Each structure stands twice: as C-alpha cells, then as structure tokens.
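Below is one structure; the comments refer to it alone.
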Amino acid sequence: MDQIFPGLGPYFWWIIAGLLLIAEMLAPGFFMIWFAAAAAVTALAHIIYPQGWIGEVAIFAVLAGVAVAVSWRFVTASWATKSDQPNLNQRHNGLIGQTYPLMEPIINGRGKIDAGGTVWDVEGPDLAQGARVKVVGTDGMKLKVMAA
C-alpha cells in the first residue's frame with residue numbers, strides 16, 4: 001500500500017484545506033473550517049517532517065478530532081443563552097416556593113389548588129381543604145406540594 005501511496009504530500013493537504021474552506025463558505029455553519037485547519041496543519045507537518053500516507057492521515061484524523069472537540073465545547077457554550085425570563089412558557093416552575101390554600105383536599109395524594117386564577121393538580125400528603133401548601137416541585141403539569 002505504501003508503494004501505491006508513497007505519501008499524499010503537502011499539496012494534497014493544501015488542496016483539501018482549500019476545498020474545505022470553500023465548503024465552509026458555501027454551507028451555513030461553522031464546522032468545515034476545523035477540518036480545513038487540520039488539513040493545513042497536516043500539510044505544514046509534512047513539510048517539517050515528511051512521513052508516509054498513514055502518518056499524514058493519522059495526523060489529520062487526530063487534529064480534526066481535537067479541533068472538532070474543542071470547537072464543540074465553545075459552540076455548545078454559546079447555545080446556553082441566559083434569559084431574563086427563564087420560566088417563560090414554563091409557568092409551573094414559577095410557582096415553586098409559593099404557598100397556596102388547597103381548593104380541594106388532597107386525598108390519596110391528589111388534590112387541587114388555585115394559583116393565580118389557574119387550577120392546578122397537586123400531589124402531596126393528604127390534607128384538608130383550605131390547608132396551606134407550599135409548592136416544592138413539578139412533575140409534568142402536576143405540582144408537588146407539602147404542608148406549609
């Protein structure tokens with residue numbers, strides 16, 4: 001195999017880097033540039049220390065993997081945007097920590113409260129109607145409560 005591919009050479013890796021840069025410009029996203037950088041570094045590595053095609057491919061694979069892993073960390077960190085309204089469209093999460101009187105008694109672990117004009121199903125210890133409960137968590141659209 002080494003006789004068929006004595007070495008891909010720096011020109012091959014420069015061409016690959018150029019093609020990947022063109023692909024990066026044509027396609028939305030910020031992904032191909034890391035492979036292009038790995039190909040460019042592989043070309044430089046071949047100029048400094050020539051090796052066979054297996055070494056070149058191994059260098060490219062390792063550099064591409066590291067570049068993608070590092071870039072992925074920064075990309076996912078940028079996706080975690082901070083919101084000034086973290087409970088938007090998750091109204092039930094905004095009720096955690098609040099206390100309300102029971103609209104219906106909790107019997108067999110289930111009851112109802114009226115929180116801000118909305119009737120919510122609650123789960124918690126059996127309590128009489130009118131007892132105050134504190135919302136301690138959510139389970140889907142049910143609120144978990146305990147005696148306040």
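Below, all heavy atoms of this structure are taken into account, side chains as well, without hydrogens, waters or symmetry copies. This one's a predicted model, so the numbers in the text were calculated from it and none came from an experiment.
A distance-only check finds no donor-acceptor pair linking the side chain of Glu104 to the backbone of Lys112 [under 3.5 Å]. A donor-acceptor contact shorter than 3.5 Å links the side chain of Asp126 to the backbone of Asn108.
Pairing each heavy atom of Ala38 with each of Ala64, the nearest pair is CB-N, 3.6 Å. Scanning both residues, Leu20 and Met32, for their nearest heavy atoms gives O-CB, 3.6 Å. Contact record, Gly130 with Pro101: O-CB, 3.9 Å, taken as the closest heavy-atom pair. Pairing each heavy atom of Ala40 with each of Ala17, the nearest pair is N-CB, 3.9 Å. When all heavy atoms of Ala128 and Leu102 are compared, the pair lying nearest together is O-CD1, 3.4 Å.
Interatomic distance, CD of Glu56 versus CH2 of Trp13, reported as 6.5 Å (0.5 Å rounding). With rounding to the nearest 0.5 Å, the separation of NZ in Lys134 from CD1 in Ile96 is 11.0 Å. Residue Met103 holds its CE atom at 8.5 Å from CD of Gln129, rounded to the nearest 0.5 Å. Residue Ile15 holds its CD1 atom at 10.0 Å from OH of Tyr11, rounded to the nearest 0.5 Å. Arg132 CZ to Tyr100 OH: the interatomic distance, rounded to the nearest 0.5 Å, is 9.5 Å. The distance from the CD1 atom of Ile113 to the CD atom of Gln98 is 10.0 Å, given to the nearest 0.5 Å.
Between Val145 and Val136 there is no side-chain heavy-atom pair separated by less than 4.5 Å. Within the 4.5 Å cutoff, the side chain of Leu95 has no heavy atoms near those of the Thr138 side chain. The shortest side-chain heavy-atom distance between Ile16 and Phe35 does not fall under the 4.5 Å cut-off.
In the hydrophobic clustering of ILVMFWY residues, with side-chain heavy atoms under 4.5 Å counting as a link, Ile59 and Trp34 come out apart. A continuous path of ILVMFWY side-chain contacts below 4.5 Å connects Val68 to Phe60, so both sit in one hydrophobic cluster. If you chain together hydrophobic residues whose side chains sit under 4.5 Å apart, Leu21 and Trp14 never meet in one group. Follow the hydrophobic side-chain contacts under 4.5 Å out from Met141 and you reach Leu143 in the same cluster.
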